[in-house]
Amino acid sequence: MRFPFALSAKIAAHIIKHKMRRTPKFAMVLQLEPLHTCNLTCTGCGRIREYSTNLKDMVPLEKCLAVAQECDAPMVSICGGEPLIYPKIEELVQGLLTQGRIVYVCTNGMFMRKKMRDYLAAIYTPAQEPILQRLLAEKLISAKEAETIRQADASARSKLVIRPTSWMYWNVHIDGLEYTHDLIVEREGVFKECVQAIKMAKILGYQVATNTTVYKETDVTEIEEMFKFFSWLGCDGHTISPGYDYDAAKKDMVKRLGRDPKQFFLTRDMTRQKFARIMDWGRAFTIFGTPVYQEFLAGRRELTCTAWAIPTYNIRGWKAPCYLMTDGHYGGYAEMLEKVVWENYGVVDGKARDPRCENCMVHCGYDPSGALGTNYQRGDNWKNFKYNFWPRPKPFAGGDKVIAYTGVSIGKGHLAEAKAAVKAADAAGSQHVGTFCGTGDEAKPLGAKAE
Ligand code: SF4
Ligand code: SF4
């Protein structure tokens with residue numbers, strides 16, 4: 001099966017329950033942002049620019065668990081900010097699992113190995129030694145770290161930790177191969193750390209997904225190579241969504257990077273071009289998202305936005321109308337459902353009901369539409385059923401041939417190279433077009449990788 005049976009069954013039961021009750025609007029995935037603090041400053045991230053990133057500004061644990069109960073979404077995606085910075089992340093994951101939810105920890109990967117060492121320390125007995133030896137052999141932990149695990153004291157052994165379970169996924173942010181990813185996250189070495197963390201997670205029995213945003217400059221050939229590589233590493237699934245020029249990200253582009261957002265984010269036509277092969281990707285790799293949503297991305301059909309099905313809760317409340325756009329925050333999910341005029345948003349028959357929605361095809365607005373049967377076409381239910389319950393694609397056999405390390409690992413300080421190019425462009429008074437984020441298929445970055 002493409003997804004664990006219990007998880008697919010839970011989601012299907014949730015939809016059937018609400019259809020039978022004729023609930024007009026209900027939550028499928030809660031995007032829970034317990035904090036907005038992050039250790040990175042990725043290009044295109046609106047979160048760390050729109051909200052306070054002060055560690056004092058956090059949603060208390062009890063409130064996080066209460067809002068999950070309140071909206072009763074079967075899946076909770078813990079995002080942020082970097083959720084592994086949240087001081088009570090272990091309690092939060094455990095609490096959501098106890099509520100019976102499917103949990104995604106959306107992380108940039110930088111603290112994953114630390115959390116998994118905590119797990120090893122908590123469960124260590126000499127019987128774990130073969131695993132420790134394997135981690136050492138693959139250089140995923142150091143000799144000193146292995147010793148710390150072996151010598152764990154009572155407090156480390158009794159610490160609440162994030163354990164592997166089929167109900168939880170590490171959802172690792174990966175926007176391309178090494179060169180591209182490190183440029184987008186604006187720090188060298190991040191891609192390599194993510195790969196190490198994913199390898200370690202798979203050895204320890206965790207489920208891992210990758211989470212990718214496609215921008216205007218993203219080279220889709222590289223995205224396919226990325227899928228091959230991470231499928232070969234044993235990842236259990238891949239989320240992919242088009243980048244969208246939401247206000248906070250747009251303002252940051254202009255102010256901090258001196259870039260024209262139009263050079264970075266996708267229009268609807270561009271999205272359809274980039275995602276033209278997504279159905280093939282869905283057959284070859286375990287792409288998360290319904291086939292109906294994939295057809296929408298590929299430009300084969302229209303869908304109506306159902307942003308209410310993937311609500312976001314953060315330090316200011318229930319964010320409306322969606323994960324991307326902020327027209328207000330509400331105290332309760334039901335209040336938000338009632339007060340927001342949902343008919344004012346989305347694109348219907350090619351016409352944007354709000355100009356800010358014009359280019360949006362993101363998964364948090366449209367993926368649930370595919371599952372909930374808005375714009376239903378004959379055969380959709382069977383298509384979705386087959387996609388979920390059929391055998392999942394095998395790990396890509398030739399993934400070891402992918403040249404994943406295209407940046408700092410092969411001796412290129414490419415961020416320095418890119419920054420120098422920006423300075424040179426500044427000095428010459430030119431626009432920073434094509435300077436960041438990837439091996440673009442339109443404008444080659446100024447700091448383009450040497451062959
Ligand atoms: S890791 Fe995530 S939250 Fe942090 S800056 Fe990057 S996109 Fe934003
Ligand atoms: S189309 Fe939906 S998800 Fe996209 S920006 Fe508009 S309201 Fe948000």
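Whatever order the structure lists ligands and atoms in, that order sets their numbers, starting from 1.
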Provide the number and element of each atom of ligand 1 under 4.0 Å from a heavy atom of [X].
X: G81; answer: 3 (S)
X: I48; answer: 5 (S)
X: C38; answer: 1 (S), 3 (S), 4 (Fe), 5 (S)
X: N108; answer: 1 (S)
X: L40; answer: 5 (S)

Regarding [X] and [Y], do their side chains bring together a donor and an acceptor under 3.5 Å, going by distance alone?
X: E82; Y: T37; value: no
X: S369; Y: T304; value: no
X: Y169; Y: D236; value: no

Identify the closest protein heavy atom to [atom]: which residue and atom is it, and at what distance?
atom: atom 8 (Fe) of ligand 1; result: C45 SG, 2.3 Å
atom: atom 4 (Fe) of ligand 2; result: C360 SG, 2.3 Å
atom: atom 3 (S) of ligand 2; result: G365 CA, 3.6 Å
atom: atom 2 (Fe) of ligand 2; result: C305 SG, 2.4 Å
atom: atom 6 (Fe) of ligand 2; result: C357 SG, 2.4 Å

Once you measure the plane-to-plane angle for F229 and W232, does it fall in the parallel (<30°), tilted (30-60°) or perpendicular (>60°) bin? tilted
Parallel, tilted or perpendicular: which fits the ring planes of Y387 and F3, with parallel below 30° and perpendicular above 60°? tilted
Option with minimal heavy-atom separation from atom 7 (S) of ligand 2, where the choices are Y345, W308, W342, Y323: Y345
Q196 side-chain N/O to L140 backbone N/O, donor-acceptor pair under 3.5 Å: no
T239 side chain vs N211 backbone, donor-acceptor pair below 3.5 Å: no
Strictly under 4.0 Å, does any heavy atom of V185 approach an atom of ligand 1? no
Has C364 got any heavy atom lying under 4.0 angstrom from an atom of ligand 2? no
Any Y366 heavy atom less than 4.0 Å to ligand 2: yes
Is E90 salt-bridged to K159, cutoff N-O under 4.0 Å? yes
May I ask you to list the atoms of ligand 2 that are less than 4.0 angstrom from any heavy atom of [X]?
X: G346; value: 1 (S)
X: M325; value: 5 (S)
X: C322; value: 3 (S), 5 (S), 7 (S), 8 (Fe)

Can you see whether Y345 has R356 sitting over its ring - NZ or CZ less than 6.0 Å from the centre and within 45° of the normal? no
Face-on cation placement of R277 at F227 ring, 6.0 Å and 45° thresholds: no
In this structure, are over 12 heavy atoms from other groups packed under 6.0 Å from K17 atom NZ? yes
